[in-house]
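Computed from heavy atoms alone, side chains included, the values below leave out hydrogens, waters and symmetry copies. Starting from 1, each residue takes its place in the sequence as its number.
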Amino acid sequence: MTPVFILLSGVGTFFAACIMMSTNAQSLFGNVLRRLFNRVSDNKLACVGISTATTAVIQSSGATTIMIAGFADAGIITLSVAAPAIFGANIGTTDTALIAALGASSDGWKYALATFTFVGALVTLFSKKDKYKKIGGILTGFGLLFVGIILLDGLTGDYCNEIKNFIGSFTSDGGLPTLLIIGILITAVFQSSSVVTVIAIGMIGKGLINLQEGIYLVIGSNIGACTATMIATWTGGKNAKRIAWMHLLFNVVGAAVFVVVGFVTGICGVEYGEMFNVVLPKPEVQLAAFHIVFNVVTTAIMLPLTNKLVHLVTQIVPDGPKKDKSDGKPCPLRYVNVYMLRTPPIAVQQIRKENANMVGLAGEISDASRNIFCSGSLTGLEEFRNKKGQFDCLNKEIVHFLAKLSSMDLNREDSTYVTGVYGLARDFGHIGNDAESIVECAEKYFNSGDCVSTFAISDIKRLHDPMRELCEATMRCCKGTDINSLKRVYECRDQIYVIADEISDAHKKRIRDGTCKTDFGAEYLLLISYIKDTAYHFVRIAETHQKQHKEEQRKESEESEHRHQ
């Protein structure tokens, strides 16, 4: 059992290393990722480059692909933009294997680079700032890659022969295609082609497999890596499923091309291993180079076929019949999905857009409630109930998403923001309840058979415009598109309060003059208080987001000044 324990320890170390580097890099470089994806355009090569850089930073093509799926499902990017971004993600994931191969090809460098585990642990242990702790985590993960390779060095003599015989028992009958299937299955378990490729590099360095066998493991690993996306998007929207199919088709086409070419060249007596032996001396580096060539060549093949690929996946996952959004059924979150939790910095960015969307919905149900009162009838009541039900459902879904997001490894700024917006569910709930109360006031009065005076209706209509402006200014605060938005929020709130006080005074005068019934007078004053309360909660939402945006601007300014110095 000793060689089995050593092999499992090495594999586990590789896996832990990739997780540590990916998790800490995502948290540390979150703002970089946001800026990169904000620059996505219709330029296909630019999309490939941005996605390649993003994946190289976060060390996970699966995380990038799932993030792209979330963007496409939310309608933030089109499928034509998403496709080349997926191609770039496959290229970007090759950097981990290349670094590991370069270090593993030399015993001296292997041990030297493994000491980064010690350096990273010291940085994490003694650093007080969260930023340096993340850097320490990345260094530790980087060093662990080579600790895993050193562990495999413990397999010597008969142990190596035992493992080679064990692997040979699988490939003796089926040959290299069997290794391709093994690569698919192992990667489906680990959900990371980088881990499997690094494991193959370590095994090649120890002579457990040859280069040709490692190449077929890597080809299989690229297909197996698609399982993470397929599983993550299983419950997503149609565009998310289409992205998963794009990812799978990209790797299947690449695998088919390289297997066919390998079969043809094999008949001619030339194998892939011999081709790379001519250019590169070390088998570890040769395998990492093949991984790069595989993804670059497949991208070159698929990039001109982007539009055909988009058409194909839309046929595989058709649009289907359009659903009526006013059918009373809860609608899903628009900008975030559960699988975005794989990339917490992007999830934080998207939850801001989700909150802006919630503000827009809050404005709609607030307007609808006042319109029901001013219309003098309950004809819009059913539509209001449907919107209110969707609004309440979305509010609960955001709370559930934030609860999961808060448990992730976030940087200090994102953690502060998530904590702040977590409490906004109560403000959204109050806005919904205020709208419901206004409708109940109208319903109670209309059912009594009395008519609302023209004075009361005209007074409430005076609040329509400032309430809508308040909603729009609050949305801008959520998005951070206008630094003067909060000032406009305060102006609208003050205007609403002044008008509400004037309306209250005028209504009290009508009660004293006997032109309005006392029973309705109390309900009307309550209705005005509900509108004022709605304005108050809009202001709270705006203040929470504007405070966060100012903090981010301050930090970016400090970083810019530091770089300038």
I need the Glu543 CD to Cys477 SG distance, nearest 0.5 Å. 9.0 Å

Among side-chain atoms of Ser458 and Arg462, is any donor-acceptor pair under 3.5 angstrom? no

About how many Å separate OG1 of Thr314 and CG of Leu309, when rounded to the nearest 0.5 Å? 9.5 Å

N/O donor-acceptor pair under 3.5 Å between Ser406 side chain and Ala403 backbone: yes

Yes or no on side-chain contact (heavy atoms from CB on, under 4.5 Å) for Asp501 and Lys532, after CA distance, side-chain angles and deciding distance? CA-CA 10 Å; Asp501 291 341; Lys532 290 177 67 175; 3.4 Å; yes

Sub-4.5 Å side-chain heavy-atom contact between Val310 and Met246: yes

How long is the gap from CG on Asp367 to SG on Cys374, to the nearest 0.5 Å? 10.5 Å

Do the side chain of Lys133 and the main chain of Ser127 share a donor and acceptor less than 3.5 angstrom apart? yes

Can you find a pair of side-chain heavy atoms, one from Pro84 and one from Thr306, that are under 4.5 Å apart? yes

If you compare all heavy atoms of Tyr497 against all heavy atoms of Ala535, which two are closest, and at what distance to 0.1 Å? CE1-CB, 4.4 Å

Using every non-hydrogen atom in the two residues, find where Ala225 and Thr187 come nearest and quote the distance to one decimal. N-CG2, 3.4 Å

Locate the shortest heavy-atom distance separating Ala542 from Val489; write the atom from each residue and the value. CB-CG2, 3.9 Å

Distance-only donor-acceptor pairs under 3.5 Å for side chains of residues 420-430, two or more places apart:
| unit_1 | atom_1 | unit_2 | atom_2 | d |
| --- | --- | --- | --- | --- |
| Asp427 | OD1 | His537 | ND1 | 2.7 |
| Asp427 | OD1 | Arg540 | NE | 2.6 |
| Asp427 | OD2 | Arg540 | NE | 3.2 |
| Asp427 | OD2 | Arg540 | NH2 | 3.2 |

Less than 3.5 Å apart, any donor N or O on the side chain of His464 or Arg370 sitting next to an acceptor on the other? yes

Glu491 atom CD: more than 12 heavy-atom contacts under 6.0 Å: yes

Is a donor on one side and an acceptor on the other found under 3.5 Å between the side chain of Ser366 and the backbone of Gly363? no

Please assess Ile438 against Phe384 for the test side-chain contact (heavy atoms from CB on, under 4.5 Å), listing each intermediate value before the final yes or no. CA-CA 11 Å; Ile438 291 172; Phe384 170 81; over 6 Å; no

State the CG-CD1 distance between Asn371 and Ile460, to the nearest 0.5 angstrom. 11.5 Å

Tell me whether Glu364 is salt-bridged to Lys388, with the criterion being a basic N under 4.0 Å from an acidic carboxylate O. no

Result of checking Tyr536, Tyr530, Phe538 against Ile431 for side chain to side chain contact (heavy atoms under 4.5 Å, CB included): Phe538

With heavy-atom distances below 4.5 Å as the criterion, would you say the side chains of Ile243 and Leu79 are in contact? yes

One should read off an interatomic distance between Leu525 CG and Lys508 NZ, to the nearest 0.5 angstrom, of 6.0 Å

So, for Gly141 and Met20, which heavy atoms are closest and what is the spacing to 0.1 Å? CA-CB, 4.1 Å

Any side-chain heavy atom of Ile528 within less than 4.5 Å of one from Asp459? no

Taken to the nearest 0.5 Å, the spacing of Leu526 CG from Ile531 CD1 works out to 11.5 Å

Taking all non-hydrogen atoms of both residues, which atom of Ser485 and which atom of Arg476 are closest, and how far apart? OG-CB, 3.2 Å

Under the 3.5 angstrom rule, does the side chain of His545 hit a backbone N or O of Ile541 as a donor-acceptor pair? yes

Answer yes or no: is there an ion pair linking Glu383 with Lys387, defined by an N-O contact shorter than 4.0 Å? yes

Measure from the side-chain N and O atoms of Ser51 to the backbone N and O of Ala89, and report whether any donor-acceptor pair falls under 3.5 Å. yes

Residue pair Ile398, Ile351: steps toward the side-chain contact (heavy atoms from CB on, under 4.5 Å) verdict: CA-CA 8 Å; Ile398 289 177; Ile351 203 67; 4.2 Å; yes

Should Ile496 and Met467 count as side-chain neighbours, where that means a heavy-atom distance under 4.5 Å? yes

I need the minimum non-hydrogen distance between Pro318 and Arg242, along with the two atoms involved. C-NH2, 3.6 Å

Does any donor atom in the side chain of Asn355 or Arg352 lie under 3.5 Å from an acceptor atom in the other side chain? no

I'd like to know whether Ile365 forms a side-chain contact (heavy atoms from CB on, under 4.5 Å) with Leu361, so could you lay out the CA-CA distance, the side-chain angles of the two residues, the decisive distance to 0.1 Å, and finally the verdict. CA-CA 6 Å; Ile365 63 172; Leu361 293 175; 5.8 Å; no

So do Thr299 and Asn90 actually touch side chain to side chain, heavy atoms under 4.5 Å? no

